[in-house]
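Following: one structure in structure tokens, then a few remarks.
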Amino acid sequence: MLEFDSMKSKLRKIIIDSLEYLYSVTDKYHSENESNTLTVKVYLSGHKQTPLIIEFLTYEDYYIGQP
């Protein structure tokens with residue numbers, strides 16, 4: 001089962017198979033090479049010291065509007 005919480009707070013909640021995770025999505029534009037880094041951080045609830053961090057480097061990504 002997959003549930004999503006509201007997208008209004010910076011850390012968002014998702015529940016997968018009765019386990020609660022918190023996640024954030026950020027992006028950063030790099031003007032020197034006109035690229036963008038989209039970063040997803042996922043934490044098991046109560047374990048903020050050990051996140052899973054995934055970074056996507058994009059060039060001219062029209063789906064998310066970068067650049």
Side-chain angles (χ1 to χ4, degrees):
M1 186 164 121
L2 184 64
E3 297 176 27
F4 289 96
D5 198 2
S6 172
M7 294 294 199
K8 292 183 181 180
S9 64
K10 187 158 181 117
L11 276 178
R12 299 170 182 120
K13 180 176 73 169
I14 184 171
I15 298 173
I16 302 173
D17 293 332
S18 301
L19 291 173
E20 182 177 293
Y21 296 88
L22 301 173
Y23 72 97
S24 66
V25 178
T26 57
D27 65 319
K28 182 176 181 183
Y29 179 68
H30 309 284
S31 59
E32 62 276 359
N33 60 1
E34 296 183 350
S35 66
N36 188 70
T37 301
L38 180 75
T39 304
V40 179
K41 292 183 182 179
V42 182
Y43 310 85
L44 181 59
S45 188
H47 295 85
K48 282 190 172 182
Q49 300 295 329
T50 55
L52 169 66
I53 301 172
I54 304 169
E55 292 184 337
F56 300 94
L57 181 62
T58 61
Y59 293 94
E60 298 182 9
D61 188 337
Y62 298 109
Y63 292 108
I64 61 172
Q66 306 297 341

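Residue numbers start at 1 and run along the sequence shown. As the structure is a computational prediction, the values presented were derived from the model and not from experiment.
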Taking all non-hydrogen atoms of both residues into account, name the closest pair between Lys48 and Leu11 and its distance. NZ-CD1, 3.4 Å
Can you tell me how far apart CG (Leu57) and OG1 (Thr39) are? Round to the nearest 0.5 Å. 10.0 Å
Less than 4.5 Å apart, side chain to side chain, heavy atoms only: is that true for Thr26 and Lys41? no
Indicate if Ile53 and Phe56 have the same hydrophobic cluster label, given that clusters are the connected sets of ILVMFWY residues with side-chain heavy-atom separations under 4.5 angstrom. no
Supply the atom-to-atom distance Leu44 CG to Thr50 OG1, rounded to the nearest 0.5 angstrom. 7.5 Å
Does CD in Gln49 sit with more than 12 non-hydrogen atoms of other residues, nucleotides or ligands closer than 6.0 Å? no
Do you know which two heavy atoms are closest between Lys28 and Asn36, and how far apart they sit? O-OD1, 3.0 Å
